[in-house]
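Okay, so here's the structure we're looking at.
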Amino acid sequence: MSADRQLSEHYDVLAPDGSEVRILASGARGSMAHFTLPPGQTSLAVAHRTVEEVWYIEAGQGLMWRKSDDGETVTELRAGLSLAIPVGTHFQFRCSGNTALKAIGITMPPWRGMDEAYFVKGKW
C-alpha cells in the first residue's frame, strides 16, 4: 500500500486549533501535513496528548507561542524556519503578514485524530 499523497488545493480538515490542514504522506512512525492560517488570524491554543511535532515554515510571517515546564517563548515565524513542539507543550500561532502563513508539520508518532489535541489557555 502506498502512503504517497499530493498537496491538495483545498484543505482536508480544520485542525482543532482552527488552521486549514492538507494531509500529506504518513508511515508507521510519523505523519506529515500542510497547515495554512489566513492573514490576520490567530489559532486557538492547544497541546498534544501523545505526539511531538516538528514544523517547517514554508511561507508567510507570524508568531508562535510555546509554554512548557521549561518556560515560555514567543518565536518569530518566517519562511525557512523550523521548530519543535514537544509532547504536552501549550502552543498558539498567529499570521501577522499580508499573506497566509504556511507550514509543513510532522508528528511522531502519527497523528491519532481530533482527540489528540486539547484546548489550553493561550497567550492571544
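Each residue takes its place number in the sequence, starting with 1.
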Practice item. Working to the nearest 0.5 Å, report the span between OG of Ser96 and CG of Leu101. Key: 8.0 Å
Practice item. Might you confirm whether atom CD of Glu72 has over 12 heavy atoms from other residues, nucleotides or ligands at distances under 6.0 Å? Key: yes
**Study point:** Other cluster members, Met114 - Ile/Leu/Val/Met/Phe/Trp/Tyr, side-chain contacts below 4.5 Å
**Key:** none
Review point. Is the closest side-chain donor-acceptor distance between Thr36 and Arg22 under 3.5 Å?
Key: yes
Check your understanding: Does Ile106 belong to the same Ile/Leu/Val/Met/Phe/Trp/Tyr cluster as Trp55, with side-chain heavy atoms less than 4.5 Å apart forming each link?
Key -> no
Review point. Which pair of heavy atoms, one from Phe35 and one from Ser19, lies closest together, and at what distance?
Key: CD2-OG, 3.8 Å
Revision key, fill the gap. Rounding to 0.5 Å, atoms NE2 (His34) and CD (Glu20) come to a distance of 10.0 Å
Point to revise | Closest contact, heavy atoms only, Asn98 versus Pro39 | key: O-CG, 3.6 Å
**Study point:** Closest non-hydrogen atom pair, Pro110 against Gly27
**Key:** CG-O, 3.3 Å
Point to revise | Interatomic distance, Glu53 atom CD to Thr107 atom OG1 [nearest 0.5 angstrom] | key: 6.0 Å
Check your understanding: Hey, are the side chains of His48 and Trp111 touching, using non-hydrogen atoms and a 4.5 Å cut-off?
Key -> yes
Review point. Quick one: does Arg49's side chain get under 4.5 Å of Arg112's, heavy atoms only?
Key: no
Revision key, fill the gap. On a heavy-atom basis, the closest approach of Gly122 and Ala45 is CA-CB, 3.4 Å
Point to revise | Shared hydrophobic cluster, Val54 / Ile104 (ILVMFWY, side-chain heavy atoms < 4.5 Å) | key: yes
Exercise for review: Please round to the nearest 0.5 Å and tell me the distance separating atom CZ of Arg66 and atom OG1 of Thr73.
Suggested key: 4.5 Å
Review point. Is Val21 reachable from Leu77 through a run of I, L, V, M, F, W or Y residues, each pair having side-chain heavy atoms under 4.5 Å apart?
Key: yes
Check your understanding: Side-chain heavy atoms under 4.5 angstrom apart, residues restricted to Ile, Leu, Val, Met, Phe, Trp, Tyr: same cluster for Met32 and Met108?
Key -> yes
Review point. Which atom names give the shortest non-hydrogen contact between Phe119 and Val46, and what distance separates them?
Key: CD2-CG1, 3.9 Å
Donor-acceptor contacts, no H, no angles, side chain residues 81-95, under 3.5 Å, sequence neighbours left out:
residue	atom	partner	partner atom	Å
Thr89	OG1	Pro86	O	3.0
Gln92	OE1	Lys123	N	2.9
Gln92	OE1	Trp124	N	2.9
Gln92	NE2	Ser43	O	2.9
Gln92	NE2	Trp124	O	3.4

Review point. Which value, rounded to the nearest 0.5 Å, describes the distance between Glu58 atom CD and Leu7 atom CG?
Key: 7.5 Å
Exercise for review: Determine whether Val51 and Ile23 fall in the same hydrophobic cluster, where Ile, Leu, Val, Met, Phe, Trp and Tyr are linked whenever their side-chain heavy atoms lie under 4.5 Å apart.
Suggested key: no
Check your understanding: Taking all non-hydrogen atoms of both residues, which atom of Val74 and which atom of Trp65 are closest, and how far apart?
Key -> CG2-CD1, 4.1 Å
